[in-house]
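Everything on this sheet refers to the single structure shown next.
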Amino acid sequence: MELPFVQELIFGLVTGSYIAVGAIGFTMIYGLVNMINFAHGEFMTVGAYIGFIGAEMLGLPVLGALLPVMLVSAVVGWGLAWVVFEPLSDTGPIPLLLTSIGLGLVLRNGIRLVATPEKRFVNLDAPTFRFDDLGFFVTGQHLLLIGTTAVAVVAVHLFLTRTQTGKAMRAMSDNEALARVTGIETKTVRALVWLIASGFAGLAGYMLAVGQGATPGTGFSQLLLVITAAILGGAGSVYGAVVGAYVLGITISFSIAFLPTWATELGTTMAFVVLIVVLLVRPGGITGEEVRA
Amino acid sequence: MARNIDDTDETHDATNRRTVLKYAGVTGLAGIGSLAGCVGVDGGDGASTPTSGGDETGGGDDTDTATETETETGPESITFGQPASLTGKWDFLQPAASQSTDLAIREINEAGGILGAEVSVSRRDTAVNPQEARTVVNQLVNNDEVPAILGLFSSEITPLFDFLQETAVPVVTPWPGATSLDTRGGDKGTETLDDDGWVWRTVIGDTVGTLGAAQYVLDQDVSTMGILNGTSQGERSWAESFRNAYEGNGGTVTKQVEVSEGKASYQSELNTLFEADFDAWALAVGLQDATTIVREWDSAGYGRQLLLEDGLRDPDLIENVGEQAEGAWIAAGSSEGPNYDSFVEKFREAGDADIHTWGVAAYDATNVVALAVERGGSADPETIQQNLGPVAREGGTTVSTFAEGKEALANGEEINYDGAATPVDFTDFGNVFGDVTVSSVTPDGFEIEGTVKADDLKGLVESY
């Protein structure tokens, strides 16, 4: 008995996985720093290239490169935020948004100058598991991407719910002024948010480099989906971002598979149709305001 | 004095001039050769005439005051325009085209320049974006005042075709394969500009390239195929042209899937394609997408013979997916024209760019434009347009470089530029024929499997 939708479900989960990890970082910045960071895509690209350097040039194992990717990305993102965004934090959302667009452009072209436009792959020598009777297969790469995301989501959940810093972040997300008067060092928390969000952006980029290869425009090309996932799930909600990412990934895969093949844009189009429908029904996104970081 | 078609004496015809030239050749008298240069003012072959004006080494008649005037009033410098893919998804192809163009420009200047004028190239980035290309062409024509353009891809020319006709500056380009250009460029072989199309290409079109690919595939007993192609003009053109050629010669395409380019993953599209039954599949997308698709195809284990479009014949493909794509066929217009060997040696010395068909064809594009100016005696767009055919079509002294052509023209001879990429025998529509080479991908590079000769393809193309 063949189950053709299973194959598309796997593809959708893989697509959703790297969108989810990117969206976690994006939505944390949105929820706690109150800015839409358009340079988030480039933070992802930074992670992709750090991973390439680690795994392909320095010879680290693919999994072994995860930690340096997250650490370096975190420091780079935090450093840039402190130099570029924090001094402008009182200027309002529009200057910050435009600044982030500019920073993204600078980073993208800077990476292009150094890394050249060629596509870089992190090679993963993993087997493919075939289930011919059921009509699907799953590769080691698929499992790595889905598994990494699962671990990342659980880690974020534990951090937010079991640690003092995580609880402080949630409190700050709900009401920064109130958090401040209760003694929470909001400046320190903001710094931690930048570190964690940038680390997750780097991880998402690295997952892209392992899965599909990285170019200087890799992160930017995924940014629209990342933002869409965050809004779909409920802007500012970490769990919502993850849910939104998987809804998007599965929608795209099923649309490509089961809608007419001449309609090449239908996959992405359907993702946005879902976004519009969800927002019409639930303006706050899938998870609304119920579960915020 | 060299003159344009507009100011030629139409009572004279090509026969008169060629007769004198032939006589000059038979007698071997240098003076007659010079005389031919002067006699040639009639330009009755539908184009303006060769001149020695401005050429210190040329064989111009010292008593020809008109030529002296040309020397005195000729341009001090000539700048050609080059819209370039310095950024964007095709940027990996530009280094070879730039290196070839610069090589040709250097050779032209070493030969004394065109009409004695130093030549340069103004290169501006379009990122192969039609809107950007339109801006760049405007900048080149209006700001840089270039008399000819050495570039533009199919994706740019097709939507801008009417604009380019209105601009009325000849575009001689090494890039486009689009079938839409099969019957739209060139000079129709007539003497007037009225029916001209201002686009010429020194690389074979998709109609010829895909016909060669289809012939090869059918010869290998592949009777059914699937096609996965991108939606940009170049990819669509290749895919449609290949499909027509393949099905027109007895093959069957059982499934064709178009994909939006620039995506991170194509797993679902591949799965959709491979639900169909076929012997082999063709892939027509840009290099970056192709590497992703080939990796996903390999890891999924879909199997079946792969045919890659010509644009993917690049060392980066080998570097990224040489192992995964091992055994895949890639059909491309042969870059090895009559003078390829002499060109490639100079190319290697000129820089470290990876050579490819379009890079070689860029050398030819630059040379034919330069020779057209030299033959016409004026660096204005109309003169170049009228002289492109005459310097490259069959007949006259065969030359392979600007220096050779310049010398022959100075001797009053007609010339036939034989190129590095193809013979550059322009058809009436400004197109060229060339061999189609089929290679297979190996981890170490491309290995030539066979060649479909241009002569075998000529009879199979109706209008081109």
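Letters go in sequence order (proteins before strands), and every chain restarts at 1.
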If we only count heavy atoms from C-beta on, is the B:Lys263 to A:Thr15 side-chain gap below 4.5 Å? no

Residue pair B:Asn320 / A:Phe121: nearest heavy atoms and the distance that separates them: OD1-CD1, 3.8 Å

B:Glu323 atom CD: more than 12 heavy-atom contacts under 6.0 Å: no

Can you tell me which portion of A:Thr139 sits under 4.5 Å from chain B's heavy atoms? Options are side chain, backbone, both or neither. side chain

Just to be sure I understand the criterion: a residue of residues 197-219 of chain A counts if one of its heavy atoms is under 4.5 Å from a heavy atom of chain B. Which ones qualify? A:Leu208, A:Gln212, A:Thr215

Which of the residues A:Gln222, A:Arg120, A:Glu8 is involved in the greatest number of heavy-atom pairs with chain B at under 4.5 angstrom? A:Glu8

For residues B:Gln267 and A:His142, determine if any side-chain heavy atom of one lies less than 4.5 Å from a side-chain heavy atom of the other. yes

What distance separates A:Phe11 CZ from B:Glu269 CD, expressed to the nearest 0.5 Å? 9.5 Å

Side-chain heavy-atom pair B:Thr87, A:Arg112 within 4.5 angstrom cut-off: yes

Let me confirm one number: the CG-NZ distance from B:Leu317 to A:Lys119, rounded to the nearest 0.5 Å. 12.0 Å

Check whether more than 12 heavy atoms from other residues, nucleotides or ligands sit under 6.0 Å from atom CD of B:Glu247, and answer yes or no. yes

Heavy-atom pairs under 4.5 Å with chain B - which of A:Ile10, A:Val14, A:Ile252, A:Asn123 has more of them than the others? A:Asn123

Testing the basics here: between B:Thr272 and A:Ile256, what is the closest heavy-atom pair and its distance to 0.1 Å? OG1-O, 3.8 Å

Positions in residues 300-311 of chain B that reach chain A, provided some heavy atom is under 4.5 Å away: B:Ala300, B:Gly301, B:Tyr302

To the nearest 0.5 Å, how far apart are OG1 in A:Thr116 and CZ in B:Phe92? 12.0 Å

I'd like to check A:Glu118 versus B:Thr291 (side-chain heavy atoms, cut-off strictly below 4.5 Å). Are they in contact? no

Taking the side chain as everything from C-beta on, heavy atoms only, tell me whether A:Tyr18 gets closer than 4.5 Å to B:Ser265. yes

Under 4.5 Å heavy-atom distance to chain A, tell me which part of B:Glu296 shows up: side chain, backbone, both or neither. side chain

Is A:Phe254 close to chain B through its backbone or its side chain, or both, or neither, when contacts mean heavy atoms under 4.5 Å? neither

Any sub-3.5 Å donor-acceptor pair from A:Thr128's side-chain atoms to B:Ser299's backbone N or O? yes

Checking heavy atoms, do the side chain of A:Val138, its backbone, both or neither come under 4.5 Å from chain B? neither

